[in-house]
Every structure is written in C-alpha cells, then in structure tokens.
Amino acid sequence: MSKKVDVLLGLQWGDEGKGKVVDVLTPRYDMVTRFQGGPNAGHTLEFNGEKYVLRSIPSGIFQGDKINIIGNGVVLDPALFKAEVEALEKTGHPLTKRLKISKKAHLILPTHRLLDQAYESAKGESKIGTTGKGIGPAYSDKISRNGLRVGDILHNFDQKYAIAIQRHKEILEQYNFSYELAALEKEWMEGIETIRKFELIDSEHVINDALKEGKKVLAEGAQGTMLDIDFGSYPFVTSSNTICAGACTGLGVAPRTIGDVYGIFKAYCTRVGSGPFPTELFDATGDEMRNKGHEFGSVTGRPRRCGWIDLVALKYAVMINGVTRLIMMKSDVMDAFETIKACVAYKIDGVETEQFPYSIEGDIEPVYIELPGWQTDMSGMRSENEFPEEFNAYLNFLEAELEVPITIVSVGPDRAQTIQR
Ligand code: GDP
Ligand code: IMO
Ligand code: MG
C-alpha cells in the first residue's frame with residue numbers, strides 16, 4: 001500500500017476544473033481533503049444532468065461513502081457553509097456522516113467580509129478584485145494570532161467572539177466604513193449551529209492514522225499556483241499557499257507522504273479579478289474562449305479574462321509543485337480554432353527569457369509559436385484513439401515542453417467527458 005497523499009492542484013489562476021477531476025478520481029481514494037482556501041473557491045461538478053458548485057466542501061462528496069475532510073488550512077465561513085450543506089441535503093446528499101471538520105480550521109467572521117470590502121475600496125484603482133468573502137482578513141488574523149478556530153466554538157465562544165468583533169469594529173471605524181452587521185451576524189450564528197452537527201476532529205491524527213492503515217488520501221487544492229501567496233503574481237493573489245507544500249501545512253502530513261502531484265490546467269488560460277496576465281486576449285478569440293468555455297466566475301459571476309496558454313508560467317508551476325501527472329481541461333473550447341498559439345517565452349525590455357521573472361507586471365511581450373487547430377468536435381469523444389492528429393500534436397508539444405505526461409484529458413464539463421491515457 002502506498003501510504004501516500006496524492007495532491008491535485010491548479011497550475012494557473014484557478015478555475016482549471018479541479019472539482020470535476022477530484023470527483024472523477026475519488027473512487028480510487030478513501031478520503032478527500034481540502035487543505036487551504038475557503039469559500040473563495042467555486043468547484044463545479046456535473047453528472048447525470050445535474051450541476052453542483054462546491055465552495056468549502058471537498059469535491060469527493062458525491063462518490064458513495066468516502067470520507068471528506070475540511071482540513072486545518074481552510075478558512076470556513078459558517079453562514080456560507082450552512083447554505084452549502086442545505087443545498088446539498090435538499091438534493092438528496094446528506095453529509096453529516098461523511099464530512100468532518102478540523103478543529104484547527106479558522107473561522108471567517110462576519111466582520112472579515114466587511115473588512116475585505118473596506119480594504120478593497122481603500123485600494124481604489126489598485127484593488128485586488130477579491131471574491132469579497134473575507135479570505136484575506138481571516139488569514140491575516142490567523143497569522144497575527146488573533147483568529148478564532150472551529151474548535152473555539154466548543155468553549156467560551158461568546159466571549160472570544162465578542163473580543164474579535166470589537167477589534168474588527170475599531171478597524172472598520174478607522175476606514176470610515178459604514179455597515180449593517182445584525183443580519184450578517186444572525187445567519188453567521190445559525191451557521192455555527194450547523195457546524196456543531198458535524199464531527200469536529202483533530203484532522204492531522206485522523207489523516208495520519210488513515211495513512212498508517214494503508215488508506216489512500218486525495219488532497220484537493222483550491223485557487224491555483226499563480227494565486228499562491230508566495231509564488232503567485234503578488235500582490236494580486238489569494239492569502240494562502242495554494243501550492244503542493246500547502247497540503248503538508250494545511251493537513252498536517254509530512255512531505256515524504258506526498259505521492260502523485262496532479263497538476264491541472266486549461267488548454268488555454270483564464271484569470272478573474274485584477275492583476276497581470278501576459279497572454280490575455282482582448283479580441284474576438286478571447287471572446288470566443290469566454291463564450292464557448294462559459295468563462296464566468298462560479299462564485300461571483302464575473303466574466304473571466306481569457307488568453308492563450310502560457311508555458312513560461314506553467315513550467316514554473318510544474319517546478320514549484322513537483323507535478324508528476326498533468327491533466328488538461330477544456331480543449332473542446334478550442335475545437336473550432338484554425339490555429340492555436342502557445343507562449344514559449346517572454347520578451348522583457350527586448351530580451352527573451354523562458355524563466356518566470358520576479359514580477360510579470362509591466363511590459364511583457366509573449367513570444368508565441370503557432371500550431372494547427374484540430375477543427376473537430378471532440379466533446380463526444382471517450383477514448384484517446386479518437387483524438388485527431390493535430391490534437392495529438394498539441395499534446396505531444398505540451399508534454400515535451402513541460403516534461404511531464406498528460407494523463408487525463410477533459411473534453412466537456414460532464415463527469416463522463418473525461419479521457420484517461
Ligand atoms: P475549479 O474551481 O478548478 O473547480 O473550476 P470551476 O468549476 O470554477 O470552473 C471550471 C468550469 O469549466 C466549470 O464550469 C466546469 O463545469 C467547466 N468544465 C470543466 N471541465 C471542462 C471541459 O473539459 N470542457 C468544458 N467545456 N467545460 C469544462
Ligand atoms: P477556485 O478554487 C479563481 C482570485 C480572486 C482575486 C484573488 C484574491 O474556484 O479555482 P480572494 O477572495 O481569495 O482574496 O481573492 O484570487 N480567486 C480566484 N480566482 N478561482 C478561485 O478559486 C479563486 N479564489 C480566489 O478573483 O483575484
Ligand atoms: Mg472555481
């Protein structure tokens with residue numbers, strides 16, 4: 001038995017299709033865990049004509065009685081969690097026996113959401129374009145040792161809550177931010193009652209015990225490598241480590257327990273929110289990607305910015321994460337394209353580089369190579385034997401550039417539209 005934690009994570013700016021693939025891979029595992037992020041995530045799953053969007057709950061929840069764990073590295077908003085649980089229960093997916101929550105996960109307080117808004121409006125033009133879910137303020141409180149954890153709801157909670165809220169109110173006052181807290185607070189407190197219905201665990205023990213017994217664990221990343229707090233396009237990033245190392249700190253598993261690292265990417269590239277995006281397209285091709293790929297945020301509904309695949313950034317992401325298997329999504333979106341472009345280098349101040357630089361802000365000219373499009377509807381294909389020649393050429397090109405095999409190709413949003421190679 002492998003005694004390993006396999007990690008699946010995004011290599012671009014999020015929304016690569018992590019939820020869909022975690023659902024597909026779950027039958028091979030005993031446990032699916034989330035290790036970072038919170039309800040800024042929106043992971044979409046489609047099967048049997050139904051569509052679900054998960055925010056804090058792992059995407060292994062639809063595959064039988066597998067155990068799903070919200071790990072210590074996650075920030076949890078009780079109000080949004082309650083809404084997510086209720087929506088799933090209404091559609092016939094009871095969760096209380098299959099979903100467990102780490103006592104060490106941090107709580108997003110209702111005032112964290114307000115602080116997120118206050119910080120964003122204070123930044124004006126240079127705002128991050130956050131999801132407005134209080135992610136940054138909640139992680140800031142965790143790091144500055146002011147946070148409240150899920151385990152805190154078990155003892156003296158009211159007192160701890162009152163102290164935290166008072167601190168936040170004082171900050172909001174400094175920002176001259178006007179707000180209405182009562183309604184937010186009411187639904188938040190109801191969410192705390194929902195959390196109490198679940199088993200609150202020491203997840204690091206539960207996961208390591210499972211590994212000792214030879215069980216297989218899948219860690220589900222949120223966001224993507226280019227949004228990582230250390231290695232992403234800072235400051236236009238999220239507030240957690242989205243990279244593979246984040247699975248160790250966000251679950252309490254040792255680096256040597258990490259097995260396969262599945263790196264997931266779109267056959268093109270998208271980004272939502274502000275920040276640099278060297279291969280962004282502002283033309284009809286970009287619009288076609290957005291329309292055909294339904295590139296609108298699953299959490300905020302914002303249109304996603306679209307562009308060609310960026311191999312400089314992808315190689316960097318493969319390196320940082322130690323990716324062992326690649327998963328390519330949404331190639332069907334480019335089915336009608338006559339030519340496909342891939343960025344293989346950046347030209348900065350007239351000098352070409354293949355190495356991802358310190359900053360990608362400012363004037364970066366992407367250097368492209370062009371490949372012929374396959375101009376074939378691939379959405380009905382179920383085996384790699386059906387792949388058109390030009391599509392195989394694109395796969396071979398990417399594998400040669402990235403030096404990692406592409407082991408799964410997704411040709412549509414449905415669970416069934418997934419081809420393993
Ligand atoms: P996640 O955050 O990484 O889980 O990704 P999202 O769910 O936010 O965004 C991916 C979107 O693409 C969702 O709407 C999926 O249903 C959809 N999707 C996933 N894989 C494919 C694919 O291969 N082709 C197409 N056309 N859509 C896909
Ligand atoms: P999934 O898991 C895409 C982006 C926001 C913003 C920046 C910071 O669905 O791939 P935050 O609210 O985290 O402080 O916002 O990060 N962002 C995402 N973009 N997919 C996500 O999650 C994202 N989560 C955050 O748009 O630019
Ligand atoms: Mg998403």
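All residue numbers in this chain count up from 1 along the given sequence. Note that the structure is predicted; figures quoted are calculated from it, not measured. Atoms within a ligand are numbered from 1 in the order they appear, just like the ligands themselves.
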Query raised in the report: Do the non-hydrogen side-chain atoms of Lys292 and Phe337 ever get within less than 4.5 Å of each other?
Result: no
Query raised in the report: Do Trp188 and Tyr161 make the cut of ring centroids closer than 6.0 angstrom?
Result: yes
Report task. Measure the distances from the heavy atoms of Arg304 to every atom of ligand 2 and state whether one is below 4.0 angstrom. Result -> no
**Report entry** Residue, atom name and distance, where the atom is the protein heavy atom closest to atom 8 (C) of ligand 2
**Finding:** Val237 O, 3.3 Å
Query raised in the report: Where does the angle between the aromatic ring planes of His168 and His112 fall among parallel (under 30°), tilted (30 to 60°) and perpendicular (over 60°)?
Result: tilted
Query raised in the report: Within a strict 4.5 Å, meaning less than it, do heavy atoms of the Leu148 and His106 side chains meet?
Result: no
**Report entry** Residue pair Phe397 / Ile369, side-chain heavy-atom distance below 4.5 Å
**Finding:** yes
Query raised in the report: Given that the side chain starts at C-beta and the backbone is N, CA, C, O, which of these parts of Asp116 lies under 4.0 Å from ligand 2, counting heavy atoms, or is it both or neither?
Result: neither
Query raised in the report: How about Cys244 and Leu9: do any of their side-chain heavy atoms sit closer than 4.5 Å?
Result: yes
Query raised in the report: Given Pro39, Gly273, Ala222, Gly129, which has its nearest heavy atom closest to atom 6 (C) of ligand 2?
Result: Gly129
Query raised in the report: Pick one: which of Arg304, Lys266, His43, Arg271 meets side chain to side chain donor-acceptor pair (under 3.5 Å) with Asp15?
Result: Arg304
Query raised in the report: Does the side chain of Met378 reach to within under 4.5 Å of the side chain of Pro388, using non-hydrogen atoms?
Result: yes
Report task. Number the atoms of ligand 2 from 1 as they appear, then name those within less than 4.0 Å of a heavy atom of Ala41, with their elements. Result -> 1 (P), 2 (O), 9 (O), 22 (O)
Query raised in the report: Below 4.0 Å from any atom of ligand 2, is there a heavy atom belonging to Ser239?
Result: no
Query raised in the report: Does His43 approach ligand 2 within less than 4.0 angstrom via side chain, backbone, both or neither, non-hydrogen atoms only?
Result: side chain
Query - Side chain proximity check, Lys82 to Ile192, heavy atoms < 4.5 angstrom - result: no
Query raised in the report: Relative to the heavy atoms of Ile128, which atoms of ligand 2 are at a distance of less than 4.0 Å?
Result: 8 (C), 27 (O)
Query raised in the report: Taking the six-membered ring for Trp, are Tyr119 and Phe177 ring centroids under 6.0 Å apart?
Result: no
Query raised in the report: Taking side chain as C-beta onward, heavy atoms only, is Ile57 less than 4.5 Å from Val85?
Result: yes
Query raised in the report: Is it true that some N/O/S atom of Gly42, main chain or side chain, lies under 2.8 Å from the Mg ion (ligand 3)?
Result: yes
Query raised in the report: Side chain, backbone, both or neither: which part of Asn40 has a heavy atom under 4.0 Å from ligand 2?
Result: both
Query raised in the report: Do any N/O atoms on Asp15 end up under 3.5 angstrom from N/O atoms on ligand 2?
Result: yes
**Report entry** Thr130 N/O to ligand 2 N/O under 3.5 Å
**Finding:** no
Query - Heavy atoms of other groups near Glu386 CD, more than 12 under 6.0 Å - result: yes
**Report entry** Glu170 atom CD, neighbour heavy-atom count above 12 within 6.0 Å
**Finding:** yes
Query raised in the report: Would you say Lys18 has any N or O atom under 3.5 Å from an N or O of ligand 2, going by distance alone?
Result: yes
Query raised in the report: Quick one: does Thr238 get an N or O within less than 3.5 Å of an N or O on ligand 2?
Result: yes
Ligand 1 polar-atom proximity to protein (N/O, under 3.5 Å):
| from | atom 1 | to | atom 2 | distance (Å) |
| --- | --- | --- | --- | --- |
| ligand 1 | 2 (O) | Asp15 | OD1 | 3.4 |
| ligand 1 | 2 (O) | Gly42 | O | 2.8 |
| ligand 1 | 3 (O) | Glu16 | N | 3.1 |
| ligand 1 | 3 (O) | Gly17 | N | 2.8 |
| ligand 1 | 3 (O) | Lys18 | N | 2.7 |
| ligand 1 | 3 (O) | Lys18 | NZ | 2.8 |
| ligand 1 | 4 (O) | Lys18 | N | 3.2 |
| ligand 1 | 4 (O) | Gly19 | N | 2.9 |
| ligand 1 | 5 (O) | Gly17 | N | 3.3 |
| ligand 1 | 7 (O) | Thr44 | N | 2.8 |
| ligand 1 | 7 (O) | Thr44 | OG1 | 2.5 |
| ligand 1 | 8 (O) | Asp15 | OD1 | 2.9 |
| ligand 1 | 8 (O) | Gly42 | O | 2.8 |
| ligand 1 | 8 (O) | Ser298 | OG | 3.2 |
| ligand 1 | 8 (O) | Arg304 | NH2 | 3.3 |
| ligand 1 | 12 (O) | Lys330 | NZ | 2.9 |
| ligand 1 | 23 (O) | Lys330 | N | 3.0 |
| ligand 1 | 23 (O) | Ser410 | O | 3.2 |
| ligand 1 | 23 (O) | Ser410 | OG | 2.5 |
| ligand 1 | 23 (O) | Gly412 | N | 3.1 |
| ligand 1 | 23 (O) | Gly412 | O | 3.3 |
| ligand 1 | 24 (N) | Asp332 | OD1 | 2.8 |
| ligand 1 | 24 (N) | Asp332 | OD2 | 3.4 |
| ligand 1 | 24 (N) | Gly412 | N | 3.4 |
| ligand 1 | 26 (N) | Asp332 | OD2 | 2.7 |

Report summary line: closest protein heavy atom to atom 12 (O) of ligand 2 is Thr131 OG1, 2.6 Å
Query raised in the report: Under a 4.0 Å heavy-atom limit, does Trp13 contact ligand 2 with its side chain, its backbone, both, or neither?
Result: backbone
Query raised in the report: Would you say Val272 has any N or O atom under 3.5 Å from an N or O of ligand 2, going by distance alone?
Result: yes
Query raised in the report: Between Asn72 and Lys104, is there a donor-acceptor pair closer than 3.5 Å when you use the side chain of the first and the backbone of the second?
Result: no
Report task. Name the option, out of Leu227, Val53, Val75, Ile135, that contains the heavy atom nearest to atom 16 (O) of ligand 2. Result -> Leu227
Query - Residue and atom name of the nearest protein heavy atom (relative to atom 23 (C) of ligand 2), distance in Å to one decimal - result: Gln223 CG, 3.6 Å
Query raised in the report: So with a 6.0 Å cut-off around CG of Asp363, is the heavy-atom count from everything else above 12?
Result: no
Query raised in the report: Where's the contact between Arg271 and ligand 2, heavy-atom distance under 4.0 Å: side chain, backbone, both or neither?
Result: neither
Query raised in the report: Asp15: which N/O/S atom is nearest the Mg ion (ligand 3)?
Result: OD1
**Report entry** Heavy-atom check, side chain of Ile135 versus side chain of Thr238, under 4.5 Å
**Finding:** yes
